[in-house]
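Just so you know, these numbers come straight off a predicted model, no measurement behind them. In what follows, chains are A, B, ... by sequence order, proteins preceding strands, each numbered from 1.
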Amino acid sequence: MSTTPQARVRSLDDPELYVETPATIFDAIPPYPPRTEREAEFYSVREGEMLINLGPQHPSTHGVLRVVLKIDGERVVDLDPVLGYLHRGVEKICENSDWHMVVSHCDPLEYIASMFSELVPVMAAEKLLDVEVPRRAEYIRVLACELNRISSHALFMGWLALDLGGLTPILYGFIERDEIVEMLAALTGQKLLFNYMRIGGVNGDLNHEFMSRLGDWMGHAAQRIEDSQTLINENEIFVKRTRGLGVIDRETALRMCLSGPPLRATGIPYDVRRAHPYGVYPELEFEIPTREEGDSYARYQLHLDEIKQSIHIIDQVLHKLPDGPVMAKLPRLLRPRPGRAFAAIESPRGQYAVYAMSDGTDQPFRLRIHDPSYFNLQSVGLLTPGHLIADTMAIMASLDPIMGGVDK
Amino acid sequence: MTLTRSWSRLTPAGKIVVPLLAIVVALTVALLLGMVTGIVPAITGAVLDTLEANVGIVRFVVAILAVLLFTIPTAFIVGYLELKAIAFMNLRLGPNRVGPWGTLAAAFHGFKILAKEDFTPTGADVPVFTLAPAVVFLAPVLAFLVLPFAPGLFGQDMNIALLYFFAMGGLGVVGLMMAGWSSFNKYSLLGALRAAAQIISYEIPLTLSVVGLILLAGTLSLNQIVLNQQGSFLDWYVWQQPLGFAIFFIAATAEGNRTPFDLTEADSEIVAGFATEYSGMRFGFFYFAEYVNVFLLSALTVVLYFGGWLAPIDIGAVLHQVGLTFDPALDPGSLGLGLLLGILIVPPLAIVALALPFWAFRSGLPFWKALVVGFLLFNVIAAGATLLWAVASFEVVEGLLWFMAKTYVFVAILVWMRATLPRVRIDQLMGFAWKWLLPAALVNLFVTALALIVIDAVKG
């Protein structure tokens with residue numbers, strides 16, 4: 001469609017702005033006018049360059065991430081991530097809910113592994129309340145979290161392959177996830193948003209169905225992880241597409257505040273479970289796998305190693321599980337002392353933390369959530385320019401962001 | 001009333017096409033009626049004379065119609081295979097609702113697509129946007145025209161069939177470019193440019209890889225190439241041209257935009273490439289074209305390297321050596337009235353005979369149910385016997401069976417690759433074509449030519 005140049009017409013995006021020609025679909029990428037210098041530079045397109053919207057509805061942006069790519073042919077010159085399509089204001093909502101409701105509100109943040117996003121506010125509240133959590137509850141928390149970590153990592157492997165064009169591995173990843181999710185459903189009654197962690201313990205003891213499912217699964221888990229990794233580990237195309245792609249060095253990784261697998265793939269053995277131990281992790285024995293390369297392939301392999309470590313942890317927990325209650329004795333209405341508390345855990349994506357302030361009422365005065373996806377996703381802008389469009393997906397998938405947590 | 005409303009709903013183009021179509025249909029019916037009833041002998045004579053005088057054109061029209069009709073079940077079968085086979089490799093069940101084992105799922109997808117809205121986006125170049133799916137679909141259909149299915153069963157026997165085949169295969173990229181350019185969508189544009197780069201690059205190794213085979217065969221006619229491979233399966237060209245076959249199959253995969261070279265539609269990168277803005281039956285045409293292309297490339301592989309319609313071993317000769325001779329010559333006319341008796345008496349007796357054991361050994365089974373089972377069994381046996389008889393007596397049937405069996409092996413391999421492999425990147429794709437396939441094809445050509453010269457020198 002050719003548009004006839006007209007003298008001065010109002011812009012489609014900003015009625016206050018006059019443009020030389022009416023904006024066509026090709027021009028209509030906001031913002032008009034640019035709000036910052038960076039935007040002015042980014043949205044002024046040179047000869048041969050083109051802006052293209054990746055998302056918010058795109059098969060491989062893992063939710064509602066929108067990235068405006070500036071491309072020159074197939075090569076990405078620059079990019080501008082636009083966040084906030086899933087913003088619900090969870091932090092603000094939490095300020096108007098009592099401490100029990102906070103857990104439910106934080107639950108869907110990291111919705112692939114929601115055991116972690118509900119554990120953190122619980123831990124912060126426990127620090128404010130000075131509660132002693134029963135040891136059996138602590139062990140059950142570790143058990144549930146590690147199971148959820150495996151299910152999240154299994155899905156990650158499938159996603160990465162799916163974004164590279166492989167149809168099958170995602171469904172093999174879903175086998176593990178299905179079994180674990182069924183198991184956790186037997187334990188918690190939910191499949192996605194568990195609402196299992198409670199301030200002072202967990203909601204309900206281990207039951208027979210959960211234990212029998214877990215026993216079945218433990219029998220073949222390690223073997224099946226090995227099997228499904230043979231699908232893509234040695235695949236020439238997969239290796240060629242991920243090795244040497246999106247390389248982060250240690251200094252950059254630290255400067256970008258990365259955590260979790262993207263950080264450990266650069267060779268820094270930082271894991272909150274060891275660096276700032278919480279729960280019963282000091283009593284358990286496990287390694288922190290690291291890789292030196294810092295590329296997409298290293299991140300993928302790191303996830304495999306972590307699955308094996310998690311299975312090892314679950315094995316120990318099942319041997320050491322003590323008897324006793326699973327909930328501490330607490331009043332129904334919780335009024336923590338006025339003060340501040342910081343709790344951090346190692347989620348499948350990195351350091352997940354909550355900084356909570358209490359003013360002595362039954363509601364948190366302020367609840368600040370540090371989500372690892374957000375910080376890991378930042379590095380896309382650093383890694384992608386210079387690569388091809390197809391590599392954007394491989395890099396983004398290997399950073400494994402969850403938009404629920406990024407946009408909060 | 002309904003008619004007026006339907007008429008007012010037609011597009012301007014439809015208002016021209018529909019009356020024309022009605023006139024053509026009416027004329028055809030009138031002509032046929034005239035010929036059959038012989039009311040006007042002059043018409044019959046004139047029509048027959050015209051047909052006879054233009055037998056080439058008549059053959060072409062009939063062949064293209066047959067090929068066009070043949071693509072429909074082919075697309076459905078390949079589509080079903082893709083749904084079901086990939087489902088099994090993904091540990092899913094796949095389609096299992098419509099028809100036995102979901103066999104009608106692909107056909108119902110076709111009907112569903114017919115009923116969907118045909119959407120044209122704002123800013124699209126409407127004529128090009130509308131024509132593009134037809135071009136994409138007709139390219140493989142035209143290529144079908146020279147494909148020999150069985151001895152004597154082909155559209156046209158050209159002496160430049162192979163060249164024509166590649167020319168028609170290359171035509172598809174024009175349609176993809178049209179679709180991508182006219183959609184007014186950046187993803188479509190990227191897909192179209194990828195398609196152009198990829199298909200034109202891979203055409204070179206594809207064509208070069210068969211030059212060695214052409215040297216061996218000494219002809220470009222696909223019929224002759226198949227006939228040259230007569231004998232046992234050891235005479236197939238794949239043994240003389242293994243490298244050529246490998247290059248050909250890889251390049252053909254890229255020509256057909258199949259995984260791992262499906263960059264043009266790469267749904268995880270550029271959403272669906274050239275097909276992003278298409279919906280309804282126009283989108284269906286792209287899918288049709290893809291499945292037909294899969295069949296076509298497999299068929300060409302079979303024709304060139306795996307002996308086309310030829311059996312791997314000559315079963316008749318083997319049987320003869322063992323001492324068994326099977327003479328299927330059956331003249332039903334010689335039986336006279338006995339034939340009528342056979343048709344009337346044998347089936348009921350056979351049905352009852354087949355039903356009896358079921359009735360006897362399954363307690364509680366009513367006799368009519370046993371009869372139904374017997375009827376079905378009899379039909380299966382009769383169909384099998386007829387097929388066996390047809391295979392034994394007609395070369396065409398046997399050839400067609402072998403051809404289809406071999407072709408679907410390669411279709412299955414392409415489907416298997418789709419379920420297994422991730423997608424390559426555009427630079428790796430181009431690098432592979434120019435740095436590896438092209439030199440390898442040239443080496444293949446050189447070695448073949450050298451071998452031919454040496455053999456000639458030794459012999460002569």
Exercise for review: For each of A/Leu162, A/Asp163, A/Ile71, tally heavy-atom pairs with chain B at distances under 4.5 Å, and name the one with the top tally.
Suggested key: A/Asp163

Review point. Taking every heavy-atom pair that is under 4.5 Å apart, which of A/Thr392, A/Ile170, A/Ile389, A/Asp391 has the most such pairs with chain B?
Key: A/Asp391

Point to revise | Under 3.5 Å donor-acceptor, B/Tyr187 side chain and A/Asn53 backbone | key: yes

Review point. Is the side chain of A/Thr168 donor-acceptor paired with the backbone N or O of B/Ala419 at a distance under 3.5 Å, no angle test?
Key: yes

Check your understanding: Hey, are A/Glu74 and B/Arg194 close enough for a salt bridge, meaning a charged N less than 4.0 Å from a carboxylate O?
Key -> yes

Review point. Chain B heavy atoms under 4.5 Å from A/Leu160: which part of the residue, side chain, backbone, both or neither?
Key: neither

Revision key, fill the gap. Under 4.5 Å to a heavy atom of chain B? For A/Leu164 that would be both

At a heavy-atom separation under 4.5 Å, does [X] approach chain A through its side chain, its backbone, both, or neither?
{"X": "B/Leu421", "answer": "both"}
{"X": "B/Arg418", "answer": "both"}
{"X": "B/Asp427", "answer": "both"}

**Study point:** Flag if over 12 foreign heavy atoms under 6.0 Å of CD, A/Glu49
**Key:** yes

Review point. Quick check: are there more than 12 heavy atoms from other residues, nucleotides or ligands sitting under 6.0 Å from CH2 of A/Trp159?
Key: yes

Check your understanding: Are the side chains of B/Val424 and A/Glu236 in touch, meaning some heavy atoms are under 4.5 Å apart?
Key -> no

Point to revise | Evaluation steps, salt bridge (charged side-chain N to carboxylate O under 4.0 Å, His left out), between B/Glu269 and A/Arg241 | key: CA-CA 14 Å; B/Glu269 297 157 20; A/Arg241 289 233 15 215; 3.7 Å; yes

Check your understanding: Rounded to the nearest 0.5 Å, how far does OH of A/Tyr172 lie from CG of B/Asn90?
Key -> 7.0 Å

Revision key, fill the gap. Minimal heavy-atom distance between B/Pro260 and A/Ile237, with the atoms involved, is CB-CD1, 3.7 Å

Check your understanding: What closest approach, in Å, do B/Arg425 and A/Ala390 show between heavy atoms, and which atom pair accounts for it?
Key -> CG-CB, 4.1 Å

Practice item. Enumerate by number any residue of residues 77-87 of chain B whose heavy atoms lie under 4.5 Å from heavy atoms of chain A; in the absence of such residues, state 'none'. Key: B/Ile86

